[in-house]
Colleague: 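Let me give you the structure first, and then I'll get to my questions.
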Amino acid sequence: MRDKPASTDFIRQRILEDLKSGRFGGRVHTRFPPEPNGYLHIGHAKSICLNFGVAEEFGGLCNLRFDDTDPTKESREFVEAIKEDIRWLGFDWGDREYYASDYFEQLYEWAVQLIKAGKAYVDSQSLEEIRQNRGTITEPGKESPYRNRSVEENLDLFERMRKGEFPDGAHVLRAKIDMASKHLILRDPIMYRIRHVRHYRQGDKWCIYPMYDFAHGQSDSIERITHSLCTLEFENNRPLYDWYLDQLGIYHPQQIEFARLNLTYTVMSKRRLAALVEEGLVDGWDDPRMPTLRGLRRRGYTPEAIRNFCARIGVTKYDALTDIALLEHCLREDLNKRAPRVMAVLHPLRVVIENYPEGQVEELEAINNPEDPSAGTRKVPFSRVLYIEREDFMEEPPKKFYRLAPGREVRLRYAYFIRCTDVVKDARTGEVVELRCTYDPATRGGDAPDGRKVKATIHWVSAAHALSAEVRLYDHLFTIRDTGDIPEDEDWRNYLNPNSRQILKNCPVEPSLRAAKPGAHYQFERIGYFCVDPDSTAETPVFNRAVTLRDTWAKIQKQMQASGGA
RNA sequence: UGCCCGGUGGUGUAACGGUAGCACGAGUGACUCUGGAUCACUUAGUCUAGGUUCGAAUCCUAGCCGGGCAACCA
């Protein structure tokens, strides 16, 4: 057992009760049932962790089943991508990989059974008529004029639908329930529609396809699922699933609904995610700004961080909006323990150590990960000309800034104390282009024998030895905290964050990064956690910023601004 | 307007008729060769009104607020 949930949620409590009462003979069998029409996102991860987690905790099993009942949208590519993402997250469905489309024949027989029982009929109204006659939220619907066709006629029509004798939309098979029901879902729901479309797995075998509602519950029944866990929006449909199962007289799983995941500053709907990709608003499904599993993976998220996040958010029926800061916290927590530290400069400022011998190079020892002694050490080259972070120097420092400033001494991490002696500016623009400094040879390694202290330690990269990298900085995809608050009549695209990605070129990074492999995680000291992007080449590594380090200085700056200070 | 579901600090979540707790965030301090990490402390909550009860976040009723449902999508 791993990723133990923080506490026992209402679903696990109910499973515990069923176990106690022996309701399912002591079995626990769940399933994760995606439709292969898109890529998985962090919201799916919640469901995956729940379904696989519950099975594992109770010594049960979890199936992977593709609910592929709409051939117009589904494809094999999505199936493969989904499997890859689930495996990456760390879950295994063994040989229990199922497809609703493999149940089509059984589903057809069940439909025939309902027709014979007078519980289903072929309706020949147009799409528009069906819609009209469904009634409204307050008024009952009208019964179809075809509702009382004989069993024989229905059987004949349905068989001919299957044979392909009718064009799309000519007929549908409907359950005969109650056109006046207060549950709209029970107003003679459609069971089958005609679609002369090739199915990615079944080929041209079928031209009628069952609706999700007529397939889902029975699929769970076939697989003898005990607890069908799904999201809240299917709560309305449960009476219908129950109706089918009961009319058919087959094994009846227990459906339990939970709230789907909503995250601040992003969107989770398949429709919007697809639009982002199709309209080129992002680079693709794996764009590091996307909440998709492949986007998060490329961004630098680890399966462990995501699973831990899913364990922490819990499972409830409350339609919550989870702060993305919690996700970020989970990543930092994971990477802090594991990511090797390196020095990289995002906005370089040239520093010349005037009293350091020209041409001399020293290899200084640096700790790879202070949180993990077994990570060992490495050598970092030091020489006369270095780059430091522009932000680490201020010509007129405010009181709480204690990095480099004219006349001030700081420590170069793992190297020497240096003092800024002069500031070189561009004659025209006045921009600081170079710092002249002196170093104290006695402080080699970073400690002063005389016990002298410095207030700050800054990172650096030797100019002559630096590797030039591309660094991609990411921020929230949207500017609005709750994208669900965007009014219907307004274009949600207006809330995209124009600064969600910033690309930095020619960033000096330490030479050890030459060996960096795509997917590897690093902490750029004092900056954040980064992940090597697949776009990297032998000459130019590319790094994605997964998440920043906590930045106390940034907070102080914000406070000073807010209080009108310097 | 009908039906279904839900409301606990800023956010997420516990407490199952008996001391409202945990985490994230925010704030303060300690420590520090990462203004990182770590540690300590602080902040702040039961939607409202009735009722049942010795006792209610929990049970009941009403109201208020939020979400879902009228695809031949899932």
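Each chain gets a letter, A, B and so on, in the order the sequences are listed, and its residues count up from 1.
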Colleague: Using a 4.0 Å heavy-atom cut-off across all strands, classify A:K73 as base, sugar-phosphate, or nothing.
Modeller: sugar-phosphate
Colleague: Roughly how many Å apart are B:A23 and B:U42, using the P atom of each and rounding to a whole number?
Modeller: 13 Å
Colleague: Does OP1 or OP2 of B:U13 have a side-chain N or O of A:T316 closer than 4.0 Å?
Modeller: yes
Colleague: May I ask you to decide if A:L184's main-chain N or O and A:S181's side chain share a donor-acceptor pair within less than 3.5 Å?
Modeller: no
Colleague: Where does B:A71 land, syn or anti, once you apply the within-90°-of-0 test for syn?
Modeller: syn
Colleague: I'd like the C1' distance from B:U52 over to B:U61, given in whole Å.
Modeller: 11 Å
Colleague: Would you kindly give the CE-to-P distance between A:M161 and B:C72, to the nearest whole Å?
Modeller: 14 Å
Colleague: Can you check whether A:F234's main-chain N or O pairs, donor with acceptor, with A:Q255's side chain at less than 3.5 Å?
Modeller: yes
Colleague: Expressed as a whole number of Å, how far does the C1' atom of B:G45 sit from that of B:G7?
Modeller: 13 Å
Colleague: Look at the side chain of A:H216 and the backbone N and O of A:D213, then say whether any donor-acceptor pair between them is shorter than 3.5 Å.
Modeller: no
Colleague: Identify which nucleotide among B:C73, B:A37, B:C69 has an atom closest to any side-chain atom of A:D70, counting heavy atoms from C-beta outward.
Modeller: B:C73
Colleague: Has A:K555 got a side-chain N or O lying under 4.0 Å from the OP1 or OP2 atom of B:A26?
Modeller: yes
Colleague: Tell me which residues in residues 207-217 of chain A put a heavy atom below 4.0 Å from RNA chain B, sorted by number, or none.
Modeller: A:M211, A:Y212
Colleague: State which of B:G2, B:C24, B:C4 makes the closest approach to the side chain of A:I137.
Modeller: B:G2
Colleague: Please confirm whether the shortest side-chain N or O distance from A:R271 to OP1 or OP2 of B:C73 is below 4.0 Å.
Modeller: no
Colleague: Check if the side chain of A:E391 and the base of B:G35 share a donor-acceptor pair of N or O atoms closer than 3.5 Å.
Modeller: no
Colleague: Pick the nucleotide of RNA chain B nearest each of A:K270 and A:Y402; which residue has the one closer to the 5' end?
Modeller: A:Y402
Colleague: B:U34 P sits how many Å from A:L549 CG, rounded?
Modeller: 12 Å
Colleague: Test for a donor-acceptor pair under 3.5 Å between the base of B:U34 and the side chain of A:Q523, counting only N and O atoms.
Modeller: yes
Colleague: In this structure, how many angstroms lie between the C1' atom of B:G36 and the OH atom of A:Y414, rounded?
Modeller: 11 Å
Colleague: Under 6.0 Å between the ring centres of A:F214 and A:Y244?
Modeller: yes
Colleague: Between the base of B:U13 and the side chain of A:R312, is one N or O donor paired with an acceptor at under 3.5 angstrom?
Modeller: no
Colleague: Counting side-chain heavy atoms from C-beta on, which of B:G67, B:G25, B:C5 comes nearest to A:D319?
Modeller: B:G67
Colleague: Looking at RNA chain B, which of residues 171-187 of chain A put a heavy atom within less than 4.0 Å of it?
Modeller: A:V172, A:K182, A:H183, A:L184
Colleague: Is A:K176 salt-bridged to A:D188, going by a charged N under 4.0 Å from an acidic O?
Modeller: no
Colleague: Nearest-Å distance, CZ (A:R260) to P (B:G66)?
Modeller: 20 Å
Colleague: Can you check whether A:T552 has a side-chain N or O nearer than 4.0 Å to OP1 or OP2 of B:G36?
Modeller: yes
Colleague: Pick base, sugar-phosphate or nothing for A:S126, based on heavy-atom distances below 4.0 Å to the nucleic acid.
Modeller: base
Colleague: I need the CD1-C1' distance between A:I556 and B:G29, as an integer number of Å.
Modeller: 13 Å
Colleague: Whether A:Q132 contacts B:A70 is assessed here as follows: a side-chain N or O lying under 4.0 Å from the phosphate OP1 or OP2. Is that the case?
Modeller: no
Colleague: Scan side-chain atoms only and decide if A:Y212 and A:D70 contain a donor-acceptor pair under the 3.5 Å cut-off.
Modeller: no
Colleague: Rounded to the nearest angstrom, tell me the gap between atom CD in A:E525 and atom C1' in B:G35.
Modeller: 13 Å
Colleague: Taking only the side-chain nitrogens and oxygens of A:R131, find out if one of them lies under 4.0 Å from OP1 or OP2 of B:A71.
Modeller: yes
Colleague: Give the nucleotide from the list B:G6, B:A14, B:G2 with an atom nearest to the side chain of A:D9.
Modeller: B:A14
Colleague: Check the phosphate of B:A37 against A:R526, side-chain N and O only, distance under 4.0 Å to OP1 or OP2. Yes or no?
Modeller: no
Colleague: So, is A:R550 close to the B:G35 phosphate, meaning a side-chain N or O under 4.0 Å from OP1 or OP2?
Modeller: no
Colleague: Taking the C1' atom of each, how far is B:G66 from B:C24, in whole Å?
Modeller: 23 Å
Colleague: Applying a 4.0 Å non-hydrogen cut-off, can you work out what A:F401 is touching in the nucleic acid: base, sugar-phosphate, or nothing?
Modeller: base
Colleague: Within the structure shown, what part of the strands sits under 4.0 Å from A:P370 by heavy-atom distance: base, sugar-phosphate, or nothing?
Modeller: base
Colleague: Looking at the base of B:G25, is there any donor atom on it, or on the side chain of A:D323, that sits under 3.5 Å from an acceptor on the other one?
Modeller: no
Colleague: Can you figure out which of B:U1, B:C4, B:G12 approaches the side chain of A:E235 most closely?
Modeller: B:C4
Colleague: Can you find a donor-acceptor N/O pair under 3.5 angstrom joining the side chain of A:Y318 to the base of B:G67?
Modeller: no
Colleague: Take atom CD in A:E391; do more than 12 heavy atoms of anything else shown fall under 6.0 Å from it?
Modeller: no
Colleague: Expressed as a whole number of angstroms, how long is the span from A:E488:CD to B:G68:P?
Modeller: 9 Å
Colleague: Looking at every strand, decide which applies to A:D447 at a 4.0 Å heavy-atom threshold: base, sugar-phosphate, or nothing.
Modeller: base
Colleague: Does B:U11 have its OP1 or OP2 closer than 4.0 Å to a side-chain nitrogen or oxygen of A:R481?
Modeller: no
Colleague: Can you tell me how far P of B:A37 sits from CZ of A:R413, to the nearest Å?
Modeller: 13 Å
Colleague: Would you mind telling me which of A:Y416, A:W460, A:F417 makes a ring pair (Phe, Tyr, Trp, His ring centres under 6.0 Å) with A:Y439?
Modeller: A:Y416
Colleague: Would a line drawn from the ring center of A:Y192 to the ring center of A:F158 be shorter than 6.0 Å?
Modeller: yes
Colleague: Using a strict 4.0 Å threshold on nitrogen-to-oxygen distance, state whether A:D67 and A:R65 make a salt bridge.
Modeller: yes
Colleague: With a 3.5 Å cut-off and no angle check, do the side chains of A:S47 and A:N51 form a donor-acceptor pair?
Modeller: yes
Colleague: Has A:K555 got a side-chain atom pairing as donor or acceptor with A:R550's backbone, closer than 3.5 angstrom?
Modeller: no
Colleague: Nearest-nucleotide wise, let me know which of A:Q13 and A:R403 is further upstream toward the 5' end of RNA chain B.
Modeller: A:Q13
Colleague: Is A:E233 salt-bridged to A:R260, cutoff N-O under 4.0 Å?
Modeller: yes
